[in-house]
Amino acid sequence: MKEHLNLLKTDFSMKAHLSEKEPELNRYWSEKEIYKKIIEKNKTGKKMILHDGPPYANGHIHIGHALNKLLKDIINKYYWAMGYHFPYLPGWDCHGLPIELKIKNENDTEDIFEFRKRCREYAKKYIDIQRDEFKRLGILADWEDPYTTMDYNYEADILKAFNEIYKKGFITRGRKPIHWCPSCKTALAEAEVEYQDHTSPSIYVKFKVTGKENLFAVIWTTTPWTLPANLAVSIHPQYIYHIVRVKNEKWIIARDLVEKSMKEMEIDKYDILEEKKGKEFEGMTYEHPLMDKVCPIVFGEHVTLEQGTGCVHTAPGHGADDYQIGKLYGLEIFAPIDNKGCYTDEYPEFEGVNVFDANPLIVQKLNKKGILIKERKITHSYPHCWRCHNPLIFRATPQWFIDTRVPELKGKVIKFAKDTRWIPKWGEIRFSNMIENRIDWCISRQRSWGVPIPSRVCEDCGEEFIDENFNEDLIEKIRERSSDIWFKEKISELTDRIVKCPKCGSNHIVKGENILDVWFDSGVSWYAVVKEKMGEDIPVDLYLEGSDQYRGWFQSSMWPSAIINGSAPYKKVITHGFSLDENGRPMSKSVGNVISPNKVVKKYGAEILRLWVSSIDYTEDFRFSYNALNQMVDAYKNIRNKIRFILMNTQDFDPKNDNVHYSKLETIDKWALYQLSVLINKIDKAYKNYEFHQIHHLIIDFVTVILSSLYFDMIKSRLYTDPPGSRARRSAQTVLYSIVNYLTQRLSPILSFTMEEVFLYLTHERESIFFKVWEQVPEEWGKWDDEYDLLFNMREKAEKELENLRAEKKIGLSLDAQINIYYKNDSIKAIFDKFDLEEFFIVSKVTVIKDNTLGEVYKIEIKKATGEKCARCWKYKSDLDENGICSDCRTQIKNWKKED
RNA sequence: GGGCCUCUAGCUCAGUUGGUUAGAGCGCGCGCCUGAUAAGCGCGAGGUCAGUGGUUCAAAUCCACUGAGGCCCA
């Protein structure tokens, strides 16, 4: 009997064996040069560019990298399938402090050239590691020729962009306070600062407010040596301040700090005279405590009520907050301290005195002037040099800047931000707020692993200068020999031009010692990569990075582009959130809650990770856990099994010869195509809007409800028992084939490995699913009469009744039952006639009965089927033969034709 | 402390301009099937929509505040 049943087998396995199959497919894609061929194939298509933001070439990839690249991969594959010319050139960020520190820790060398060589090798090593890890995830890209910021050409183009900005007048010279070690005479990055306990003087000083009788602002500081550089007193505009009477003087102190500070100043007799809001001190000035000048009282949001007096001594040359305030109020960034930590002639009185030695002298002087209120000692955590362990100072030093405050430029950038399409929408607000509030961009670093700022310094007068012609000579040399030459060669080797100091005319000129901020490196990637390397236009279509890049790359790319191009570097910016652990906490090595993508790939397969990426709304922060991955494993199996069912049942189906025309399909088959067309249209819309989690849920729902629980279940009997080549069976197969065809297309950006596997299984004509331009669904599939949905409601009710019979042990399979349907209106009867109701309800018999007395629209009655169970179709019939086979089955067997 | 964002069943997500008993899939529980079988089907239990207060005839949806959390600053 079984020979007259279509019980087909497939070697498309139920188990995926992802960890073995994925590497095979990766090799296949590499060998066949799939990426290259896609780009070649779409060469005449509409051009679009997603410009890859470069991850830092350090360490293995983490989940954030994986998510970022996988989202890009989904987008790439989507645009490829839409026929776009959409090249994807990945890149790496190579210069910068983390690598520098790593190399310094490993094996210090005095030879800067050797040192940079090691940095370069280190970056190279991790580029290779990360590239392999990305490739393993199934990401198709131009992996053979990625861009790196240490590439000779890239380095040259950094300076080319720099020179263009310089020529437009936006590179300026200024000062900015940084951590400085007076004993090593060197600048330190935050990462090189160690905090240790240190004992400092703690002093309260009163500054005489000008034009007011006996009114003083009381400040507190632990660095008396910075008082000569004092240029303002900061007050919080929102805080409440008290005017406190002490003897015959009036002191300004923040209300909440009066008690505490009075105690510390050991003053027990005082009265509160008045209460004022910080704002009310607007426009006031005071006499400088040490110099003969008048300084302003300014507003600062950095003022706190934790310690001190709420009136904060502000020296823009000696503090980070102070610097911000200084910039905001246009104060001088004044720091009369040299690189040994001694006063310069800008403070002649103490010229040559070391700042730490100067502390008591300053205190003495304040005391003499009668403005010192109290001196104590304080032991607090203070920055020290990680090398020599001596205390550091914060000192303004000459730096190079891009002047981002020029109103015209800032206005342009705000407009560009407005014209950019941000996904999610609030990106514009977040970005614009940052633009509004930002001060100059300091682009110089006192470091070695990076691209040099091509400045030169006059040994005679100290002038540091930049020259555009010299820059051009240098750029070409760097293009040939990398930026190493700056550190290796003398100036005369870098240019043929005669060099003289533009200020004093001296010819004793040496190279400057600054490198560029690495944010500048990556910030001009649109220039070095898109414009120079790829020869494409700016702005590019799309940037896609984590939301931390509003501050980072989106800005560092915007400013140079706004200056050089007079446009934004991008048209559209998509951001994704950050990975949190199961409990919503950030993943960190120290907490030990990190799940690395490499581990996931090993344990589950890249496909599971890809499916997970598609399941979340990436615009927000997302939780990542083994729990979530296990859920993806189930979802994956779910999809895979549905596809397997189709592959199994279309084994003997050749779409070229066996396809049944739409008009000849069974109604339920048309319904399946209708559902498919709805699905595909929704999916395509979601792709267009980059809402991949919609696709994920749409597909899971479709596959579980529409396919598995409804359609497959209904047509099983037809597939198994109808003669192989019969119209009815071919009708179902035609639909199944369409479903798998469309599903593999639409799923290929997400489940790339599996869909390629299915594609290769299904057809041997083409080399890859990724060569396929997606088909749109025929319009006629969208036709469906809503009235038919009545049947599906009936079916739901029937299922509940069947469940009751099952509970009463009267039936097992639904085929063990039969249904009577009572109706009143002929319009309903017309619906019934369109369907094979036995198939629809999966029962042995459906009897449709007209009943004019019926109150409701219809009524169903279910009972155990009468007759005997046919051994072949499992329906209950009254016409079984001696083999236990019903007459319908006998006919089917008679019409059975062997496939050739 | 500031800018921006999030909070709907155990998990991942839907919930149109405020309008019936807040939905889906997974997971879970119970049952069925053994011609998708390390599969398949059915039924069911899960939610004071973070909390509080307000606007409204009506709020998951609008407003305010609080709480928890994230990114970036300070």
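Per chain, numbering begins at 1; letters A, B, ... match sequence-line order.
For the pair K279(A) and Y239(A), the cation-pi test (distance below 6.0 Å, angle within 45°) is failed.
Listed pair R644(A) / U37(B) meets the phosphate criterion, a side-chain N or O lying under 4.0 Å from OP1 or OP2. The phosphate of C72(B) (OP1 or OP2) has no side-chain N or O of R430(A) nearer than 4.0 angstrom. Proximity of Y720(A) to the phosphate of A36(B): a side-chain N or O atom is located under 4.0 Å from OP1 or OP2. Of the side-chain N and O atoms in S547(A), none sit less than 4.0 angstrom from OP1 or OP2 of C4(B). Contact check, H696(A) against C26(B): no side-chain N or O comes under 4.0 Å of OP1 or OP2. Within the 4.0 Å cut-off from OP1 or OP2 of A36(B), at least one side-chain nitrogen or oxygen of K716(A) is found. Put simply, K642(A) has a side-chain N or O that comes within less than 4.0 Å of OP1 or OP2 on G40(B).
When the nucleotides G70(B), C43(B), C26(B) are ranked by their closest atom to the side chain of K800(A), C43(B) comes out on top. With A36(B), A74(B), C4(B) as the choices, the nucleotide that has an atom nearest any side-chain atom of W426(A) turns out to be C4(B). Distances were taken from every side-chain heavy atom of T704(A) (C-beta onward) to each of G25(B), C13(B), G44(B); the shortest belongs to G25(B). Taking only side-chain atoms of F712(A), from C-beta outward, the nucleotide of A36(B), C41(B), C4(B) with the closest atom is A36(B). Among the nucleotides A74(B), C26(B), C71(B), the one closest to any side-chain atom of D548(A) is C71(B). The listed nucleotides are C71(B), C11(B), G25(B); the one nearest the side chain of P586(A) is C71(B). Closest to the side chain of K869(A), from the set G35(B), C41(B), U34(B), is U34(B). Distance from the side chain of D621(A) is smallest for G70(B) among the nucleotides G70(B), C13(B), C26(B). For F578(A), taking side-chain heavy atoms from C-beta onward, the closest of the listed nucleotides G70(B), A74(B), A39(B) is G70(B). Each of C11(B), U37(B), G35(B) was ranked by its minimum atom distance to the side chain of M14(A); first place goes to U37(B).
Counting non-hydrogen atoms under 4.0 angstrom, D617(A) reaches the backbone sugars and phosphates but no base. Across all strands shown, N433(A) has heavy atoms under 4.0 Å from sugar-phosphate atoms exclusively, and none from any base. Using a 4.0 Å heavy-atom distance criterion, A871(A) is classed as a base contact. Heavy atoms of I700(A) sit under 4.0 angstrom from primed sugar atoms or phosphate atoms, though from no base atom. When heavy atoms are screened at a 4.0 angstrom cut-off, W874(A) is found touching base atoms of the nucleic acid. Here K425(A) lies out of heavy-atom contact (under 4.0 Å) with every strand. Contacts of E799(A) with the nucleic acid, taken as non-hydrogen atoms under 4.0 Å apart, involve only primed sugar atoms and P, OP1 or OP2. Within the 4.0 angstrom heavy-atom criterion, no nucleotide atom of any strand lies near R795(A). Residue-level contact check: M434(A) touches the backbone only, with heavy atoms under 4.0 Å from sugar-phosphate atoms and none from bases.
Its glycosidic angle being within 90° of 0, G46(B) falls on the syn side.
The aromatic ring of F431(A) does not sit over the base of G3(B); the criterion of centres under 5.5 Å apart with planes under 30° is not met.
Comparing G51(B) with C7(B), their P atoms sit 13 Å apart, to the nearest whole Å. Separating the P atom of U55(B) from that of A60(B) is a span of 16 Å, rounded to the nearest Å. With both ends at atom C1', the span from C65(B) to G10(B) equals 31 Å, rounded to whole Å. When the C1' atom is compared between G46(B) and C11(B), the two are found 13 Å apart, to the nearest whole Å. Across the P atoms, C63(B) and G19(B) are found 15 Å apart, a figure rounded to whole Å. Using atom C1' as the reference point in both G40(B) and A58(B), the two lie 45 Å apart (nearest Å). Atom P of A45(B) sits at a distance of 15 Å from the matching atom of C30(B), rounded to the whole Å. A gap of 43 Å separates the C1' atoms of C26(B) and G1(B), to the nearest Å.
For G31(B), the paired nucleotide is C41(B), the pair qualifying as Watson-Crick or G-U wobble because both relevant distances are below 3.5 Å. As the counterpart of U6(B), A68(B) is assigned, both hydrogen-bonding distances of the Watson-Crick or G-U wobble pattern falling under 3.5 Å. Partner assigned to G53(B) is C63(B), using Watson-Crick or G-U wobble distances below 3.5 angstrom. The partner of A58(B) cannot be assigned: no Watson-Crick or G-U wobble pair with both contacts below 3.5 Å exists in any strand. Pair check for A14(B) finds none; no Watson-Crick or G-U wobble contact set falls under 3.5 Å.
The residues D440(A) and R405(A) are annotated as salt-bridged, a charged nitrogen and a carboxylate oxygen being separated by less than 4.0 angstrom. At a threshold of 4.0 Å, the pair R640(A)-E757(A) counts as salt-bridged, since one of the basic side-chain nitrogens sits closer than that to a carboxylate oxygen.
Ring orientation note: the planes of Y550(A) and F554(A) are nearly perpendicular, at an angle over 60° on the 30°/60° scale. The aromatic rings of H697(A) and H693(A) stand perpendicular to each other, their planes meeting at an angle above 60°, with 30° marking the opposite boundary. Y570(A) and W422(A) have perpendicular rings, their planes meeting at more than 60° on a 0 to 90° scale where under 30° would count as parallel.
Applying the 3.5 Å distance criterion, the base of U12(B) shares a donor-acceptor pair with the side chain of H697(A). The base of A36(B) sits within donor-acceptor range of the side chain of S708(A), with an N or O pair under 3.5 Å. Side-chain atoms of E620(A) and base atoms of C5(B) include no donor and acceptor less than 3.5 Å apart.
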**Prompt:** Can you list the steps and then say if D652(A) with R729(A) is a salt bridge (Lys or Arg N to Asp or Glu O under 4.0 Å)?
**Reply:** CA-CA 11 Å; D652(A) 62 337; R729(A) 183 159 178 276; 2.7 Å; yes

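Nearest-nucleotide positions on RNA chain B place S814(A) closer to the 5' end than the other of L707(A) and S814(A). Annotation: of the two residues near RNA chain B, M648(A) and I429(A), the 5′-most nearest-nucleotide partner is I429(A).
Looking only at atom types and distance, the side chain of N638(A) has a donor-acceptor partner in the side chain of K642(A) under 3.5 Å away.
Aromatic pair H179(A)/F394(A): ring centres closer than 6.0 Å. Separation of the W671(A) and F792(A) ring centroids falls under the 6.0 Å cut-off. Proximity of the aromatic rings of Y636(A) and W612(A) is defined here by a centroid distance below 6.0 angstrom, and this criterion is not met.
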N/O to N/O distances under 3.5 Å, protein versus nucleotides 63-65 of chain B:
none

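The backbone N or O of L8(A) sits nowhere less than 3.5 Å from a side-chain atom of N649(A) that would complete a donor-acceptor pair.
Rounding to whole angstrom units, CG of residue L609(A) and C1' of U12(B) are separated by 15 Å. Taking atom CD1 of residue I811(A) and atom C1' of nucleotide C41(B), one finds them 12 Å apart after rounding to whole Å.
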